Amino acid sequence: MGKIKTAYFCQNCGAQSPKWIGKCPSCQEWNTYVEEVIEQPKDKQHGYKKSSGSGSAKPKKLSEISTKEAPRTHTGITELDRVLGGGVVAGSVMLIGGEPGIGKSTLMLQLALKAKDKRVLYVSGEESDVQLRMRAERIELNSSQCIIYTETDTGNIFHHINEINPDIVIVDSVQTMISQAVESTAGSVSQIRQSASEFIRYAKETGTPVFLVGHITKEGSLAGPKVLEHMVDTVLVFEGDSNYIYRILRAAKNRYGSTSELGIFQMQAKGLFEVSNPSELLMSHYDNSLSGIAVSATIEGIRPLMIETQALVSSAVYGTPQRSSTGFDIRRLNMLLAVLEKRCGFRIGAKDVFLNIAGGIKVNDPAIDLGVMCSIISSGEDKPVKPNVCFASEIGLSGELRPVTRIEQRIAEAEKLGFNEIYVSKYNIKNLQINPEKIRVVASNKIEEVFKRLF
Ligand code: TYD
Ligand code: MG
């Protein structure tokens with residue numbers, strides 16, 4: 001018997017070291033190194049093995065490669081297909097990350113049951129078969145082609161996979177899988193890496209798409225080694241506030257499509273429902289006489305979304321004013337407040353400012369800036385924004401309105417939803433491709449001009 005080799009791995013980022021160290025030189029975390037077995041004697045190695053000989057791929061010219069080799073399968077969940085770039089590519093490995101309770105298992109089970117003509121193998125290392133059956137009953141779906149297998153040992157899984165010959169494999173979750181090839185416990189860096197690489201090898205050799213469910217740490221990154229994200233083809237992040245019903249599926253990495261796509265779901269009593277008209281849902285159909293509310297035309301992925309921002313400005317009770325925001329970058333908020341103070345002369349420095357994006361959605365699109373500012377001023381002055389008005393512009397440090405991308409789409413969406421005025425930057429309308437009839441496009445250079453018109 002050969003000698004067992006061990007090394008120390010950072011449980012946060014996966015860095016390897018021959019000896020224990022207190023602070024990880026790679027991710028700067030303290031006390032994260034754990035000893036793990038890295039190599040077993042040859043005779044004990046397990047994992048996926050293909051029966052035929054190795055080296056089936058040969059070097060070939062780029063022009064000789066046909067892209068027809070990657071046909072896409074539709075999963076039966078339109079929003080998921082959209083995020084993946086139009087469906088699942090054969091042999092691709094997709095990692096789905098998200099906080100506990102966000103709905104990863106529900107999404108995967110729905111996929112397994114909705115892909116009716118596909119044989120789907122759902123490997124569960126977290127829930128029992130009874131629990132899965134109960135969940136399937138709850139979401140009121142059934143499929144004769146869905147096979148549930150509660151197992152964590154990858155050796156056993158691959159043994160059965162060869163018999164079942166599934167069209168799609170789901171592994172829930174990769175952190176619970178154990179490969180006999182390494183001797184550390186489930187969830188450790190080398191164990192995750194080993195089991196993931198076995199599934200990846202299986203996917204590549206058989207052309208079967210594999211979904212791996214992954215946990216997320218408190219800091220919001222995928223638990224386990226960073227290398228896991230490099231190994232897979234697609235990283236999807238399922239996010240949302242578990243207190244709200246909305247769930248957003250984003251691609252953080254996608255070798256087969258764009259990462260700007262977005263899928264929106266609603267978690268209801270009977271499972272996840274796709275939201276195809278998000279703009280209508282995200283606005284809270286408020287009373288027009290309320291102050292502190294403004295609507296922005298944003299773009300998430302390639303989809304225009306009308307998003308409502310709500311602000312509350314009040315005199316600070318304590319010495320230091322509070323600034324808090326949900327769904328919007330706090331540093332960006334501070335910057336916008338500084339612009340309001342310096343460029344527009346609003347005395348906001350001594351006020352508490354609270355900002356909220358309706359629906360628990362996180363927005364990264366800078367085009368929401370103008371809407372955010374208008375909601376803050378509206379609350380500060382206690383004057384409601386005129387009804388049926390919306391905004392789409394980034395704000396620069398000197399209070400200038402900056403152009404945003406895809407203005408035509410934003411205007412069209414606002415028009416569709418019955419808005420009759422949209423405030424944009426002057427630079428945006430120079431070569432505007434469309435000529436909207438029902439909506440007036442108000443172009444300005446400076447934030448003051450917008451405020452003068454509005455309040
Ligand atoms: P789950 O898929 O188990 O989350 P994850 O696998 O990401 O940890 O989701 C569980 C949550 O979703 C749980 O809090 C209950 C809720 N839920 C519903 O609201 N409706 C449903 O139909 C189902 C199945 C779950
Ligand atoms: Mg789960």
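As the structure is a prediction and not an experimental result, all values here were calculated from the model. Here, residue 1 is the first one in the sequence, and each next residue gets the next number.
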For S105 and D172, does a side-chain donor sit closer than 3.5 Å to a side-chain acceptor? yes
Quick check: do I168 and M108 have side-chain heavy atoms less than 4.5 Å from each other? no
I'd like to know whether L370 forms a side-chain contact (heavy atoms from CB on, under 4.5 Å) with I395, so could you lay out the CA-CA distance, the side-chain angles of the two residues, the decisive distance to 0.1 Å, and finally the verdict. CA-CA 6 Å; L370 183 58; I395 303 292; 3.9 Å; yes
Any donor and acceptor pair, going by atom type alone, linking the side chain of R193 with main-chain N or O of L228 inside 3.5 Å? no
N254 side chain to T234 main-chain N or O, any donor-acceptor pair under 3.5 Å? no
Using only atom types and a distance under 3.5 Å, with no angle test, would you say the side chain of Q310 pairs donor to acceptor with the backbone of N356? no
Measure the shortest side-chain to side-chain distance between Y423 and L401 over non-hydrogen atoms and say whether it is less than 4.5 angstrom. no
Give a yes or no on whether F273 atom CZ has more than 12 heavy-atom contacts from other residues, nucleotides or ligands under 6.0 Å away. yes
What class does the angle between the rings of F199 and F158 fall in, given that below 30° is parallel, 30 to 60° is tilted and above 60° is perpendicular? tilted
Using the rule given for side-chain contact (heavy atoms from CB on, under 4.5 Å), can you reason through S92 versus R255, listing the C-alpha separation, both sets of side-chain angles and the distance that settles it, and then say yes or no? CA-CA 9 Å; S92 63; R255 285 188 184 149; over 6 Å; no
Check whether any side-chain N or O of E415 sits under 3.5 Å from a backbone N or O of P436 as a donor-acceptor pair, and report yes or no. no
Residues passing the salt bridge (charged side-chain N to carboxylate O under 4.0 Å, His left out) test with D329, sequence neighbours excluded, are R331
Considering non-hydrogen atoms only, spot the tightest contact between L80 and F265 and give its length. N-CZ, 4.2 Å
Go through L84 and Y256 one step at a time and tell me if the side-chain contact (heavy atoms from CB on, under 4.5 Å) criterion holds. CA-CA 7 Å; L84 289 173; Y256 301 108; over 6 Å; no
So do I147 and P166 actually touch side chain to side chain, heavy atoms under 4.5 Å? no
Does CZ in R133 sit with more than 12 non-hydrogen atoms of other residues, nucleotides or ligands closer than 6.0 Å? no
Interatomic distance, L109 atom CG to L141 atom CG [nearest 0.5 angstrom]: 8.0 Å
Are the charged groups of E79 and R82 less than 4.0 angstrom apart, N to O? yes
Is it true that a side-chain atom of K114 and a backbone atom of S143 form a donor plus acceptor pair closer than 3.5 Å? no
Which atom pair, heavy atoms only, marks the closest approach of T176 to A186? O-CB, 4.1 Å
Side chains of S26 and C10, heavy atoms from C-beta outward: is any pair under 4.5 Å? no
Checking T150 side chain against S128 main chain: does a donor-acceptor pair fall under 3.5 Å? no
Under the 3.5 angstrom rule, does the side chain of K253 hit a backbone N or O of V232 as a donor-acceptor pair? yes
If you measure from SG on C390 to CD on E308, what distance do you get to the nearest 0.5 Å? 12.0 Å
For residues K362 and I357, determine if any side-chain heavy atom of one lies less than 4.5 Å from a side-chain heavy atom of the other. no
For the residue pair L107 and I77, establish whether any side-chain heavy-atom pair is separated by less than 4.5 Å. yes
Output yes when a side-chain donor or acceptor of R323 lies under 3.5 Å from a complementary backbone atom of I330, and no otherwise. no
Taking all atoms of both residues into account, what is the closest heavy-atom pair of V83 and G263, and its distance? CG2-N, 3.3 Å
CZ on F391 to CG on D369, rounded to 0.5 Å: 12.5 Å
Looking only at atom types and distance, does a side-chain atom of K118 sit under 3.5 Å from a main-chain N or O of Q145, one as donor and one as acceptor? no
If you take all heavy atoms of Y122 and A112, which pair is closest and at what distance? CD1-CB, 4.4 Å
Between the CZ atom in F354 and the CG atom in L333, the distance rounded to the nearest 0.5 Å is 11.0 Å
Is the shortest distance from a Lys or Arg side-chain nitrogen in D81 or R72 to a carboxylate oxygen in the other one below 4.0 Å? no
A side-chain contact here means heavy atoms from C-beta on lying under 4.5 Å apart; do T73 and D167 qualify? no
CD1 (I429) and CD1 (I411) are apart, to the nearest 0.5 Å, by 9.0 Å
Answer yes or no: are there more than 12 heavy-atom neighbours, outside R402 itself, under 6.0 Å from its atom CZ? no
Apply side-chain contact (heavy atoms from CB on, under 4.5 Å) to residues I407 and V441 and explain how you reach the verdict. CA-CA 11 Å; I407 192 73; V441 181; over 6 Å; no
Look up atom OH in Y246 and atom CD1 in I361, then write down how far apart they are to the nearest 0.5 Å. 7.5 Å
Shortest non-hydrogen separation from I422 to A392 and the atoms involved: CD1-CB, 4.3 Å
Heavy-atom pair of closest approach, residues N428 and L432: O-CD1, 4.0 Å
When you look at CD of E437, are more than 12 heavy atoms from neighbouring residues, nucleotides or ligands closer to it than 6.0 Å? no
Donor-acceptor side-chain pairing of H159 and E151 below 3.5 angstrom: no
Would E413 and R410 pass as an ion pair if we require N to O under 4.0 Å? no
Would you say L272 and F238 make side-chain contact, with heavy atoms under 4.5 Å? yes
If we ignore hydrogens and angles and just use 3.5 Å, is the side chain of W20 paired with the main-chain N or O of Y33 as donor and acceptor? yes
